[in-house]
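This report refers to the structure that appears directly beneath it.
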Amino acid sequence: MIEDTESGFAENPSIVIVGIWNTGILTPQWYSVQFKDKIDNKNVRLELQFGANNMAFTIDDIKIVPEQGKLLFMSNKNDESTYEKLKYFAYETVSRLEYTPIQALGHNVAYHLEDDNVDIEQLSINNIFDGYIKLYNNKIKGAILLSQDITHTLIIGDCKLNLSYRITNNKKTIAFNYHYETNNIDETKKYINEFTKNIESSKELVTNLIRKDA
């Protein structure tokens, strides 16, 4: 949970690289050897991945989760230096394993709006939610509406932005997925480097989307 915007907080910004990864290589030991000038082994922490056959590990404030179908780099802190470190490990991993078939990659971040007076202006999402509560109360005896999800997909240059809104009785969330389709190694590196720009764009868009009731 990372304090971020005036009206809420961002959670676990990440880069996901979809490809056919050799998880036998992507271990803490491999990173310690490949990045020995960057990594203090005392700052490498292992953890079990629930429901998966692989393990995750954290280097400083970057969590790395290798799977056969994707490789996840997740930030546990929200500051420029941590974002640069995340990009560095993602970029250099791809560079040193260039033979790995890449299919796509994504940048992800979600903002949880904590202020009860904050609404998502363009959707009037509170009114929509309240309207559906009344609809189901009238149509289905004893029904309680717990949550609502709305997803919009936009094309922005080479990127497909999946913008998801989720509202429950006690939380509003706006989630961003910047998705790039590519199997080209140079394009992959280019898109990794757009991570910080997309995080900043998402903050700006959240600010533009929400309103505070007077």
Discussion item. Quick check on E200: does its CD atom have over 12 non-hydrogen neighbours (other residues, nucleotides or ligands) under 6.0 Å away?
Written reply: yes
Worksheet item: Which residues satisfy the ring pair (Phe, Tyr, Trp, His ring centres under 6.0 Å) test with Y88, sequence neighbours excluded?
Response: F35
Worksheet item: Hey, are K77 and D60 close enough for a salt bridge, meaning a charged N less than 4.0 Å from a carboxylate O?
Response: no
Practice prompt. Name all pairs fulfilling the salt bridge (charged side-chain N to carboxylate O under 4.0 Å, His left out) condition that reach into residues 14-36, sequence neighbours left out, sorted by first residue then second.
Written response: none
Response to the item:
Taken in chain and number order and not counting sequence neighbours, the residues that satisfy side-chain hydrogen bond (donor to acceptor under 3.5 Å, both in side chains) with T82 are D79
Fill in: T182 vs L105 side-chain heavy atoms within contact, under 4.5 Å
yes
Worksheet item: With D149, which residues qualify under side-chain hydrogen bond (donor to acceptor under 3.5 Å, both in side chains), at least two apart?
Response: R166
Worksheet, complete the sentence: Residue set satisfying ring pair (Phe, Tyr, Trp, His ring centres under 6.0 Å) with Y191, at least two apart, ordered chain then number -> Y180
Practice prompt. May I ask you to decide if W30's main-chain N or O and T27's side chain share a donor-acceptor pair within less than 3.5 Å?
Written response: yes
Discussion item. By the salt bridge (charged side-chain N to carboxylate O under 4.0 Å, His left out) test, which pairs, at least two apart or in different chains, include something from residues 93-104?
Written reply: E92-R96, E98-K189
Worksheet item: Just by distance, with hydrogens left out, do N177 and N108 show a side-chain donor and acceptor under 3.5 Å apart?
Response: yes
Discussion item. Under 6.0 Å between ring centres: does that hold for Y165 and H152?
Written reply: yes
